[in-house]
Amino acid sequence: MPEANIAGGLAGGILIGLASLLLLAGSGRIAGISGILGGIYGRWTDAERRWRVIFLLGLVGGAGLVALVQDGLNVRLQAEGWPLVAAGLLVGFGTRMGGGCTSGHGVCGLARRSTRSFVATLVFIGAAMLTVYILRHLA
Amino acid sequence: MALLANTFVAGLLFGIGLALSEMTDPGRVTGFLDVAGRWDPTLLFVMGGALAVTLPAFHFVMRRPGPLFAEKFYLPTKKDLEWPLIIGAALFGAGWGIAGFCPGPALAALVTGMPEVLLFITAMVGGQLLATVLERRLERRKIPDQV
């Protein structure tokens with residue numbers, strides 16, 4: 001396990017914050033990725049789809065830029081096969097039902113001082129920590 | 001046009017942030033979630049950095065009549081705590097704990113070309129669709145409030 005990446009974490013976090021600010025102040029939208037993704041398929045207008053696709057293209061592009069400069073991204077998988085599929089299903093289902101994810105509730109929701117987001121954030125972080133505890137220390 | 005350019009730049013910064021912070025590495029994320037093991041505080045600094053910007057800035061932005069390039073702010077309207085919020089958050093948390101991926105980082109990780117990332121995203125979209133179908137079914141069954 002490598003050392004904590006405090007500098008990268010802070011820098012990246014600040015950029016995520018700036019991005020969220022830009023999206024709200026400029027485009028009037030909340031940078032909640034689960035909602036942005038979910039608004040692309042299904043019954044939406046072209047305008048609704050368009051800005052979401054463009055945002056996500058930028059997102060992937062940004063990650064791609066870093067990957068270019070840093071010669072790849074370090075992605076250490078924690079699950080494969082069926083557990084990975086189950087995780088995906090849970091994340092998709094849960095973010096839709098709960099109305100947000102780490103960016104929507106955790107960054108934007110908390111910034112808006114939303115009680116719903118505060119509760120949601122506590123619950124999903126707690127559930128995630130409990131899950132990791134069970135998988136790593138009990139299983 | 002300015003609207004879409006702004007949206008794209010926001011996405012770009014977001015993606016750079018995700019990659020720089022290593023949120024795209026599930027090992028970093030689960031390291032933070034592993035409170036009983038060798039704890040990795042990186043995610044805490046990511047959240048801290050993000051909130052250091054958004055907490056003060058959102059406050060001022062929300063006082064303005066509207067955004068720069070769009071007609072209005074599109075904000076969530078629900079205020080109450082209800083069970084779908086809590087159960088949804090719990091389910092999301094469980095999935096996040098298993099794979100260490102949440103929506104943003106998973107999409108960003110697509111640049112690696114790893115098939116597992118695509119598999120996760122496919123399952124995630126599937127999960128979202130399932131929830132949408134369930135939502136519609138439940139809405140149809142709802143008995144309207146007596147006036």
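Quick note on labels: first sequence line is chain A, next is B, and so on, each numbered from 1.
Looking at A/L56, only its side chain comes within 4.5 Å of chain B, counting heavy atoms on both sides. Neither the backbone nor the side chain of A/R52 comes within contact range of chain B, judged by heavy atoms closer than 4.5 Å. Looking at B/E116, both its backbone and its side chain come within 4.5 Å of chain A, counting heavy atoms on both sides. In this structure, the portions of A/L18 lying under 4.5 Å from any heavy atom of chain B include both its backbone and its side chain. Contact of A/V119 with chain B is made through the side chain alone, with heavy-atom distances under 4.5 Å. For a residue to count as touching a neighbouring chain, one of its non-hydrogen atoms must lie under 4.5 Å from one of that chain's; by this rule B/T132 touches chain A with backbone and side chain alike. Residue A/A31 touches chain B through both its backbone and its side chain, counting heavy-atom pairs closer than 4.5 Å. The part of B/M114 that comes within reach of chain A is its side chain, from C-beta onward, which places non-hydrogen atoms under 4.5 angstrom from that chain. Both the backbone and the side chain of B/V125 come within contact range of chain A, each with at least one heavy atom under 4.5 Å from a heavy atom of that chain. The part of A/A67 that comes within reach of chain B is its side chain, from C-beta onward, which places non-hydrogen atoms under 4.5 angstrom from that chain. Heavy atoms of B/I121 lying under 4.5 Å from chain A are absent altogether. Looking at B/T24, the atoms closer than 4.5 Å to chain A (heavy atoms on both sides) sit in the backbone and in the side chain alike.
Listed options A/G8, A/G28, A/A11, A/G12 were ranked by heavy-atom pairs under 4.5 angstrom with chain B; first place goes to A/G28. Heavy-atom pairs under 4.5 Å with chain B peak, among A/G61, A/A79, A/C101, A/G32, at A/C101. Between chain A and the residues B/Q128, B/E135, B/M124, the most heavy-atom pairs under 4.5 angstrom are made by B/Q128. With chain B as partner, the option from A/L135, A/L122, A/V60, A/I6 having the largest number of non-hydrogen pairs under 4.5 angstrom is A/I6. Interface check for chain B: of the options A/L23, A/I134, A/L24, the most heavy-atom pairs under 4.5 Å are formed by A/L24. For chain A, the option among B/C102, B/G100, B/A109, B/A94 with the highest count of heavy-atom pairs below 4.5 Å is B/A94. The candidate with the highest count of non-hydrogen atom pairs below 4.5 Å against chain A, out of B/K78, B/K79, B/M23, is B/K78. Counting heavy-atom pairs under 4.5 Å between each of A/Q78, A/R96, A/R116 and chain B puts A/R116 at the top. Residue with the most contacts toward chain B among A/L84, A/L59, A/T102: A/L59 (heavy-atom pairs, distance under 4.5 Å). The candidate with the highest count of non-hydrogen atom pairs below 4.5 Å against chain A, out of B/P41, B/A106, B/A99, is B/A99. The residue among B/L44, B/T112, B/D80, B/V35 with the most heavy atom pairs within less than 4.5 Å of chain A is B/D80. For chain A, the option among B/G88, B/A90, B/A108, B/G104 with the highest count of heavy-atom pairs below 4.5 Å is B/G88.
To the nearest 0.5 Å, the span separating CE on A/M97 from CD1 on B/I86 amounts to 11.5 Å. In this structure, A/I14 CD1 and B/S21 OG are separated by 11.5 Å, a value rounded to the nearest 0.5 Å. To the nearest 0.5 Å, atom OG1 of residue A/T131 and atom CG of residue B/D34 are 12.0 Å apart. In this structure, B/M47 CE and A/S103 OG are separated by 9.5 Å, a value rounded to the nearest 0.5 Å. From A/W82, atom CH2 reaches atom CG of A/L89 across 9.0 Å, with rounding to the nearest 0.5 Å. Expressed to the nearest 0.5 Å, how far CD1 of B/I87 lies from CZ of A/F93 amounts to 9.5 Å.
No side-chain donor-acceptor contact under 3.5 Å links B/W39 to the backbone of B/A36. Panel note: side chain A/H105, backbone B/A89; no donor-acceptor pair is recorded below 3.5 Å. Side-chain N or O atoms of B/D40 include one that pairs as donor or acceptor with a backbone N or O of B/T42 at under 3.5 Å.
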Tabulate below the donor-acceptor pairs under 3.5 Å that side-chain atoms of residues 6-19 of chain B make, not counting sequence neighbours, or state none.
unit_1 : atom_1 : unit_2 : atom_2 : d
B/N6   : ND2    : A/L22  : O      : 3.1
B/N6   : ND2    : A/S27  : OG     : 2.8
B/T7   : OG1    : A/S27  : OG     : 3.0
B/T7   : OG1    : B/L3   : O      : 2.8

Anything under 3.5 Å between a donor and an acceptor, one on a side chain of residues 51-73 of chain B, the other on a protein residue two or more places apart or in another chain? List them.
unit_1 : atom_1 : unit_2 : atom_2 : d
B/T54  : OG1    : B/A50  : O      : 3.1
B/R64  : NH1    : B/G66  : O      : 3.3
B/E71  : OE1    : B/Y74  : OH     : 2.9

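In this structure, the side chains of B/P103 and B/F92 come closer than 4.5 Å at one or more pairs of heavy atoms. At a threshold of 4.5 Å between non-hydrogen side-chain atoms, the residues B/R28 and B/V46 do not count as touching. The shortest distance between side-chain heavy atoms of B/F101 and B/V29 does not fall below 4.5 Å.
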